[in-house]
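I have placed the structure first, in the form of structure tokens, so that the comments after it can refer back to it.
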Amino acid sequence: MRSLTTDQLVSAVVDRGLLSEEVVERLRRESRRRRLNMLDLITAQGRFPSSAIYCAAAEVRGLAFVDYNRVEPDIALAREFPQNLIKRGTAIPVSQEGQRLTVACACPDDHMLMSEIERRTGLQTEQALAEPQALKDAAATVLAQLSPGNSVLCDTDPVEALDRIMKEAYLRRASDIHLDPQPDRLHARIRVDGRLEDIRIHLQQAQSNALVSRIKVLAGLDIAEQRSAQDGGFTYEIPSLPDIAIDLRIATIATKWGERVTIRILAKEAKEFGLPETGMSPTALNLFKSALKRPHGMILITGPTGSGKSTTLYAALREIRRPEVNIMTLEDPIESNVPGISQVQVGGSDKITFAKGLRSMLRHDPDVLMVGEIRDQETADVALRASMTGHLIFSTLHTNDAASAVTRLMDIGCEPYLIASTLVMVVAQRLVRRLCEHCRTPHEITDNERERLGITTTGGMLYGPSENGCSRCNGTGFQGRIGVFETLWLDKDLQRIIADQCSHKEWQEEIATRMTDLREDGYGKVKSGLTTLEELLGVAVG
């Protein structure tokens, strides 16, 4: 199958600003010196998938780009298309309007292919560009639906399949990988920016079982045990991406059609993410930094699983990290390495619990302690009492908002006077996808949006994702995520109310006018063009 040359693709990467000319030249020298694939070096350097390179090439040539990692092929249209072209993974029809047929191919310079399609279909063709491997995978999907049981283009090597999955997950900056066995296939998905995306891996049942067994062996799990849930982990070096290794946490569980595997990717190589990058408003950020300067007390970050609590905690630790400050953490698992800080894994082979680990750490003369999560009364009590004895304590709590943190601590049995005398601040947060600043599109504010956002003036614009995205955001219209926050600062009046054991209703009424809640902060980010109302609704903030 013909494709664009490496030089053409590299030129598109520079032209669209994915990497600078200086970086590309350095990678070109490294490619020659180490005899490595240039495109692999580029994707590893920029940490974007190869589809982003082909999207850039399409933009340079003024062509549409079809990302078959996200778009399902049109089966009805493919049924009337020359089958031998689909079997070769050469071309797939995308859409038809009248006598004009749009066809996805891997090389826009293959004029003979376009001529053949026009001759055999009797239609005028218009080219769209697709990444070669994604085109091949989409062709396999088409053939499987047109001819059930067709094994053409199926993956046969579980080792190669695992490498492909890990490579895509890493380059797309995924947080999790889900391998879910189905009667006819292995359903592989990755979670990117909080959303699950399919990976087209075509494995028969025996091959799917072999892939699961390989993962279990690498994770040190019992491959003979297929009914009980198991947990493990390992570090995976991606062969096709030089010098890239990712730390993984593995969980297996038996389902009707076989063992399901969930893989969590731990962000060991995460950049130095600071508090300003979290998305806190200037007011909230100033309050948070004031709390960090306190010599003792407890700071809680609340929110559901996957809301970015750990990221905010790490950013806070980096903010106060200095040689003269002794910082220690208890984590399950350790998600990111922070130089200059002593990090301890909870729940390892010696079964260290948060409470036991916290008691042990107090004998190491810490100034600051981070407890990954408060799960029970014992951990909460030890943390609260530690904050009374001259330690600054950070931790997380699973509550929906900042106000509920106080009542949650009371519910698990903590004394109100302890909470009142130690709790300094509570920050609740969610994560929403950030609009791609390179391709976001403006639109006039609708009446519904105006009412939701409390806008009383006429006119005005909001931003939304572009229909097809761009090479910078890999065609999604969004690039990364941003936090939505509410920050509750506990002054003496609030501490007195807590000590008096107020009801939840009285507590909510007392703090209602003292903070900007999640909804208000989210609406502010919508008005600023950072995200959309739909994103806020997706995290139950709108």
Side-chain angles (χ1 to χ4, degrees), residues 70 192-196 276-288 301-309 312 398-407 426-470 473 475-489 494 504-542:
R70 294 188 172 91
V192 180
D193 290 339
R195 305 293 181 94
L196 286 174
E277 286 77 47
T278 61
M280 285 189 188
S281 67
T283 301
L285 187 59
N286 288 335
L287 281 174
F288 196 45
I301 311 294
T302 75
T305 300
S307 59
K309 300 186 297 296
T312 301
H398 284 288
T399 64
N400 288 328
D401 52 42
S404 299
V406 172
T407 51
V426 183
V427 177
Q429 69 177 79
R430 300 290 190 277
L431 288 178
V432 294
R433 291 189 297 173
R434 184 195 292 263
L435 283 168
C436 176
E437 62 181 18
H438 301 284
C439 66
R440 63 181 184 175
T441 56
H443 67 270
E444 290 187 7
I445 301 176
T446 65
D447 291 339
N448 179 56
E449 290 172 334
R450 194 183 308 280
E451 181 180 353
R452 295 291 297 275
L453 296 172
I455 297 175
T456 57
T457 58
T458 59
M461 308 292 286
L462 292 180
Y463 286 91
S466 64
E467 183 178 358
N468 299 312
C470 67
C473 61
T476 64
F478 295 89
Q479 192 173 32
R481 289 191 287 180
I482 189 171
V484 178
F485 298 90
E486 65 181 23
T487 305
L488 175 61
W489 175 275
L494 291 183
H504 182 68
K505 181 180 179 181
E506 292 171 334
W507 174 246
Q508 291 277 12
E509 291 174 350
E510 187 65 33
I511 66 171
T513 60
R514 291 174 175 256
M515 65 180 187
T516 300
D517 63 18
L518 287 165
R519 182 180 292 104
E520 291 176 90
D521 187 52
Y523 286 175
K525 289 178 169 62
V526 171
K527 295 174 185 177
S528 300
L530 296 174
T531 189
T532 67
L533 274 176
E534 289 74 16
E535 283 295 303
L536 293 178
L537 290 172
V539 295
V541 173

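Here the structure is a predicted model, which is why all the values come from computation and not from measurement.
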Rounded to the nearest 0.5 Å, how far does [atom2] of [Y] lie from [atom1] of [X]?
X	Y	atom1	atom2	value
Ile482	Leu431	CD1	CG	9.5 Å
Arg434	Cys473	CZ	SG	13.5 Å
Ile455	Ile445	CD1	CD1	3.5 Å
Arg452	Leu533	CZ	CG	6.0 Å
Thr532	Arg440	OG1	CZ	12.5 Å
Leu518	Leu536	CG	CG	9.5 Å

Quick one: side chain to side chain donor-acceptor pair (under 3.5 Å) partners of Glu506, sequence neighbours excluded? Ser503

Of all the heavy-atom pairs spanning [X] and [Y], show the shortest one and how long it is.
X	Y	answer
Thr302	Asp401	OG1-O, 3.6 Å
Cys439	Gly477	SG-CA, 4.2 Å
Glu444	Glu449	O-OE1, 4.1 Å
Met461	Pro442	CE-CB, 3.8 Å
Val427	Met280	CG1-CE, 4.2 Å
Lys309	Gly303	NZ-O, 3.2 Å

Mind running side-chain contact (heavy atoms from CB on, under 4.5 Å) on Phe288 and Ile301 for me, showing each step along the way? CA-CA 11 Å; Phe288 196 45; Ile301 311 294; 4.2 Å; yes

Just wondering, do [Y] and [X] contact through their side chains at under 4.5 Å, heavy atoms?
X	Y	result
Glu467	Thr441	no
Leu462	His443	yes
Cys436	Phe478	no
Thr283	Thr516	no

Residue pairs, two or more places apart or on separate chains, that pass salt bridge (Lys or Arg N to Asp or Glu O under 4.0 Å) and touch residues 521-535: Arg195-Glu535, Arg433-Glu535, Asp521-Lys525

Going by side-chain contact (heavy atoms from CB on, under 4.5 Å), name the residues that satisfy it together with Glu510, two or more places apart in sequence or in a different chain. Leu494, Ile497, Arg514

Over 12 foreign heavy atoms within 6.0 Å of CD, Glu520: yes

